[in-house]
Asker: 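Have a look at this one before I ask anything.
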Amino acid sequence: MLFLLAAFVASSAPFASDVHAAEPVKISRDDTALDLTEMTDIHTNQGEAFQVSTAAGADGIRRRIEVRSSSPTHQGDWAVFALANVSEEQLERVIVAPHFRLVGSKMFWPDLGSQRIMAITPSEGFALDREPSPDADVFRITLNPGSVITFVAELSTPSLPQLYLWEPAAYKDTVNAFTLYRGIVLGIAGLLAVFLTILFVVKGTSMLPAAAALAWAVLAYICVDFGFLDQLISITASDQRVWRACAEVALASSLVIFLFTYLNLNRWHVNLGYATLAWVFCLALLFGVAIYDPSVASGIARLSFALTATAGILLIVYLGLNRYDRAILLVPTWALTLVWLFGAWLTVTGQLDNDIIQPALGGGLVLIVLLIGFTVMQHAFAGGAYQQGLFSDLERQSLALTGSGDTVWDWDVARDRVVTIPDVSLKLGLPAGLMHGPVRNWLPRLHPDDRDRFKATLDVLLEHRRGRLAHEFRLRAEDGHFHWMQIRARPVLGSDGEIIRCVGTIIDITEQKNSVERLLQDAMHDNLTGLPNRQVFLDRLQAVLTLASSSDSVRPTVMAIDIDRYKQVNDALGIAAGDNILIALTRRLRRLLRPQDTLARLAGDQFGLILVSEQDPVKVADFADAISKAIMVPINFANREIILTASIGLASWVDQQESGSELLSNAELAMYRAKRGGGNRVEPFRPIFRSSGTDRLQIETDLRRAIERKELSLAYQPVIRLSDGEVAGFEALLRWDHPRKGSIPPSEFIPIAESSDLIGPLGMFALERSSSDLIGWQRQTGDLPIFVAVNLSSAQVLNNGLYNDVRALLAKSECDPRQLKLELTESVMMENPEQARLVLTKLKELGIGLALDDFGTGYSSLAYLTQFPFDTIKVDKALVRDVREKRAVLLRSVIAMARALEMAVVAEGIETDEDAAELAKMGCQFGQSFLFGPPTSSEATLRLLRERFPLTKRA
């Protein structure tokens, strides 16, 4: 940071100095943009310490200041300017120095831009704050009424192309306006580049890749010039100079290549080809030069662009006089190119100086490419066309038939001779001409099911002597396969009214027929296993139930079979392995069936079975057991042995009013009950299964309503400090008093909330209510040295919005985050460790405490203690109440480890005072159990706090 070393001299006369500040620029409230470039003094090679006399203030006194460099890379270049606020109000302004400005950048050894100002130090106050900007150095200043301030800028380079003073809102509007314009130009340039590239791929003529290359070069140039490249990749100021030089080299090279390719110069003289190749090769070398000296490469590229445009106009004039159409079509484009080149020359030499010329030149390049695109499209799509009236109707019909690829079928009825052109025998793999001759020669090759119909169709046509022949049949090829053929023909009548000929087309429709069959097969069967799908299964089940209602010998049983842990197999071995396993299981199950039974694939790893061959309950149970054992037979895949189990649900038909879908639903309910029981079991359906599912849905509906109406409540169980028995905090526990069912324990409604979308609102309710109660207690009793712990589920932690919700809650409730503690179990981290770590770290940064709950019952991975920002361990009551001799050793180890990690320990489920004393000796700080108090309401908790903390204030 720049810093001011010395001092003001209180004198009415100016202080003698080597460097004097320029006269101050007067600023009023109405000035929105001022050009400070001409009013800024540049001082080069002044060293790291620079002394300057300030402009005279309102009191007429000049002061002398010394400014030191803030960077070791500073070359000793400084800029000085002064500003005077002549208004009666405080003014906010921004100083803007663009990194690159085409205006005045020079033709040779051009200035390609860089960081211009490292820092600015005012004669009063601190160094100016830099505003973030990718393409300019922007500093915000505040000028008090009547103040005169001298500014000393530490320059990165001795050149300062432009320095502007902007009103912030006006500068922002200007940037936004240019951003919209640049976005439009970039979009058009990108579309042109893609369009010309696609055109090259489609047509492939030589001029199209050259035009596409020029379009991509223009797109690259404006991406760099408009600052779009900075949005894609992170580049430094020096890198930006290299990119700009490379873009200008690419622009110059692509223009040379396009001019050579479009005018096809090698056809006029071979030496032009060699000269162009050498020119392009030299320009290609500039890409390497650009890395070491971008200014040299850019200067040569600009010179090459000018020379190419000049040579191009000479070639176009010469070739146009020789009536070369390509040169004539290029005249408008090249005229625009010359205008653009003249404007660019005026700009880089500084004769044309305004803020819109640089983006205007970028738009001009895009317009040039657009004209080039129109020009090359004329050649790409030029070509002859058939003249109307060239062919007669008969010739048109002949061409259409030949173009369709159909085979002509000609039956000379009078001589009973069939001819096909081209010969259909060859398509069937038969000897040439075998299918020519009498119609009866076709009969042996026809499918047996089609012979009678084929003969009958021809007989009807001959008998009625009118109509059209439209017939489909199958012909056997030499390899034994049948081909579906379609004949479309019409009869030709003789003078006596009899059919003398029948002429039409015959086509092979085997593929169409197979496609239709495949569609029908896929609509009714699973395309992996070939089994019927769910809809066909239900249709067959309904048909069996219809038979069962009228016959006592039919008593079907429906089985729903679900493969346990199939998803894990897919995740571990891949989808291909899972598909092969399903195919193998399908083959095993089919071997157990009889013809009257039906096996179907209902879903991914779920099968359905209609058992009709067995009616005795014992045999049905044995059959289900056989299915379970068949599935458990090991499957070898990729040198690995896979053993699977199945959950099977049974539902027998006993009610004649029951439909097929209801019977299958009963079987699936039994299957889900078997899966919830651990899998690898057979579960017969019982009516209570249906009611349990209904109860679960009803509880979910009631819970949603209870959250909306805020019918839930919190109970607080005290957490005691074992050293002195004082209350250290409370754990907030959810309670639900159902209006009809009474108190519903959390063990019932929390899993339902987690399996639905209610766990988020439920968790936020607990956080809001607990923080509100904590604030209420403190209002009644004063500041309390306590905390409130709230449990979080995995669904909440893995929610990306949890952090924002908690932060908004803290801001709204004004609750001290240090008095809130969030409790999580190990299962939360196991589901998505990386996501959980990110969310917990952000919560920890808010100041909220984090506790690992139920430690000692799960995996108890020590990695969680080091990877996640926990500050408290809650030892589960199962470990605290363990009566084995090793309990003390385990507890002592856990507590010592937590203390070493600077973590607090809370022991749950303490049953006796002796256990509490023993845990305190081990170093356990806190305890929580019914020994110290049950969970109580907010009001009872408030009374407890008043008893335990009598010195606090009363309401």
Side-chain angles (χ1 to χ4, degrees), residues 702-721 725-739 741-750 753 758-793 796 805-806 808-823 847-849 851 853 872 874 906 908 926-955:
D702 294 344
L703 179 60
R704 189 182 302 275
R705 187 179 297 110
I707 295 174
E708 294 174 354
R709 299 178 180 178
K710 300 187 182 299
E711 296 175 353
L712 297 165
S713 62
L714 289 180
Y716 298 93
Q717 185 174 25
V719 178
I720 302 300
R721 191 181 301 108
E726 285 296 335
V727 175
F730 297 89
E731 180 179 0
L733 304 172
L734 278 169
R735 293 292 183 263
W736 183 19
D737 190 10
H738 196 278
K741 299 181 179 181
S743 179
I744 299 179
S747 59
E748 288 190 18
F749 67 82
I750 292 296
L758 298 177
I759 190 62
L762 191 64
M764 288 308 299
F765 167 81
L767 282 170
E768 291 174 359
R769 178 63 61 85
S770 59
S771 59
S772 176
D773 288 343
L774 179 59
I775 294 298
W777 298 337
Q778 291 181 338
R779 287 174 181 170
Q780 297 289 328
T781 63
D783 293 335
L784 297 172
I786 62 171
F787 62 85
V788 175
V790 182
N791 289 281
L792 288 185
S793 71
Q796 290 176 270
D805 293 340
V806 173
L809 172 63
L810 293 175
K812 178 181 178 182
S813 64
E814 298 181 355
C815 179
D816 188 352
R818 293 173 296 180
Q819 292 184 288
L820 280 181
K821 193 180 290 291
L822 303 180
E823 295 187 0
I848 294 177
D853 199 4
T872 304
K874 297 194 71 174
V906 180
E908 295 183 299
F926 305 103
Q928 177 184 346
S929 71
F930 279 85
L931 176 66
F932 307 119
T936 58
S937 65
S938 177
E939 293 76 10
T941 304
L942 176 59
R943 290 194 295 270
L944 174 63
L945 291 173
R946 284 177 171 176
E947 294 174 1
R948 289 299 184 102
F949 300 96
L951 298 180
T952 55
K953 70 178 182 180
R954 298 297 182 181

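Heavy atoms only: backbone and side chains are in, while hydrogens, waters and symmetry mates are out.
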Asker: Side-chain contact, heavy-atom cut-off 4.5 Å: Phe730 with Leu774?
Answerer: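 Not in contact.
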Asker: Out of curiosity, Leu762 CG to Ile707 CD1, how far, rounded to the nearest 0.5 Å?
Answerer: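 Separation between the atoms: 4.5 Å.
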Asker: Decide yes or no for Thr941 and Asp773: does some side-chain heavy atom of the first lie under 4.5 Å from some side-chain heavy atom of the second?
Answerer: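 No - every pair of side-chain heavy atoms lies 4.5 Å or more apart.
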Asker: Closest approach of Ala728 and Phe926, non-hydrogen atoms and distance?
Answerer: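 Residues Ala728 and Phe926, closest heavy atoms: CB-CE2, 3.5 Å.
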Asker: So do the side chains of Leu822 and Leu767 get within less than 4.5 Å of each other, counting heavy atoms only?
Answerer: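 Yes. Closest side-chain heavy atoms under 4.5 Å.
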Asker: How far apart are the closest heavy atoms of Trp777 and Ser938, and which atoms are they?
Answerer: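 Here Trp777 and Ser938 meet closest at NE1-OG, 3.2 Å.
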Asker: Any non-hydrogen side-chain atom of Val727 less than 4.5 Å from a side-chain atom of Ile720?
Answerer: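 When only atoms from C-beta onward are counted, Ile720 and Val727 do touch, with a gap below 4.5 Å.
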Asker: With sequence neighbours left out, what residues match Ser937 under side chain to side chain contact (heavy atoms under 4.5 Å, CB included)?
Answerer: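 Listed in chain order: Glu939, Ala940.
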Asker: State whether the side chain of Ser813 and the backbone N or O of Leu809 hold a donor-acceptor pair below 3.5 Å, judged by distance alone.
Answerer: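 Indeed, once roles are kept as given, a pair shorter than 3.5 Å links the two residues.
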Asker: What distance separates Leu942 CG from Arg779 CZ, expressed to the nearest 0.5 Å?
Answerer: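 Rounded to the nearest 0.5 Å, the CG-CZ separation comes to 13.0 Å.
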Asker: Please report the closest heavy-atom contact between Ala732 and Leu714, naming both atoms and the distance.
Answerer: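 Heavy atoms only, the tightest pair is CB-CD1, 4.2 Å.
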Asker: Show the numbers, then the answer: is there a side chain to side chain contact (heavy atoms under 4.5 Å, CB included) between Ile848 and Leu810?
Answerer: CA-CA 10 Å; Ile848 294 177; Leu810 293 175; 4.0 Å; yes
Asker: At what distance, to the nearest 0.5 angstrom, does CD of Gln778 lie from CD1 of Ile786?
Answerer: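 Atom-to-atom, Gln778:CD and Ile786:CD1 are 7.0 Å apart.
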Asker: Compare all side-chain heavy atoms of Gln780 with those of Arg946 and state whether any distance is below 4.5 angstrom.
Answerer: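 Side chain of Gln780 against side chain of Arg946, heavy atoms only: contact under 4.5 Å found.
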Asker: Tell me, please, which residues at least two apart from Ser771 pass side chain to side chain donor-acceptor pair (under 3.5 Å).
Answerer: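 None.
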Asker: Would you name the heavy atoms of Leu712 and Arg769 that are closest together and state the gap between them?
Answerer: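 That would be O-NH1, 3.9 Å.
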Asker: Taking only residues at least two apart or on different chains, which pairs with a member in residues 728-739 satisfy salt bridge (Lys or Arg N to Asp or Glu O under 4.0 Å)?
Answerer: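 Listed once each, the pairs are Glu731-Lys874.
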Asker: Give the minimum heavy-atom separation between Leu734 and Pro746, together with the two atoms involved.
Answerer: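 In this case the closest contact between Leu734 and Pro746 is O-CG, 3.3 Å.
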Asker: Taking all heavy atoms of Ala851 and all of Lys821, pick out the closest pair and write down the distance.
Answerer: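 Smallest interatomic distance, heavy atoms only, reads CB-CD, 4.0 Å.
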Asker: Who are the salt bridge (Lys or Arg N to Asp or Glu O under 4.0 Å) partners of Arg705, not counting sequence neighbours?
Answerer: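 Partners of Arg705 by the salt bridge (Lys or Arg N to Asp or Glu O under 4.0 Å) criterion, ordered by chain and then number, come out as Asp702.
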Asker: Excluding sequence neighbours, so at least two apart, what forms side chain to side chain donor-acceptor pair (under 3.5 Å) with Ser770?
Answerer: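 By the side chain to side chain donor-acceptor pair (under 3.5 Å) rule, Ser770 matches no residue at all.
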Asker: Less than 4.5 Å apart, any side-chain heavy atom of Asp853 and any of Asn791?
Answerer: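 The answer is yes; the side chains approach within 4.5 Å.
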Asker: Are the side chains of Gln717 and Leu733 in touch, meaning some heavy atoms are under 4.5 Å apart?
Answerer: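 A side-chain contact exists here, since the closest heavy-atom pair is under 4.5 Å.
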Asker: Listed by chain and number, what are the side chain to side chain contact (heavy atoms under 4.5 Å, CB included) partners of Asp816, not counting sequence neighbours?
Answerer: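 With neighbours one apart ignored, the set is Arg818, Gln819.
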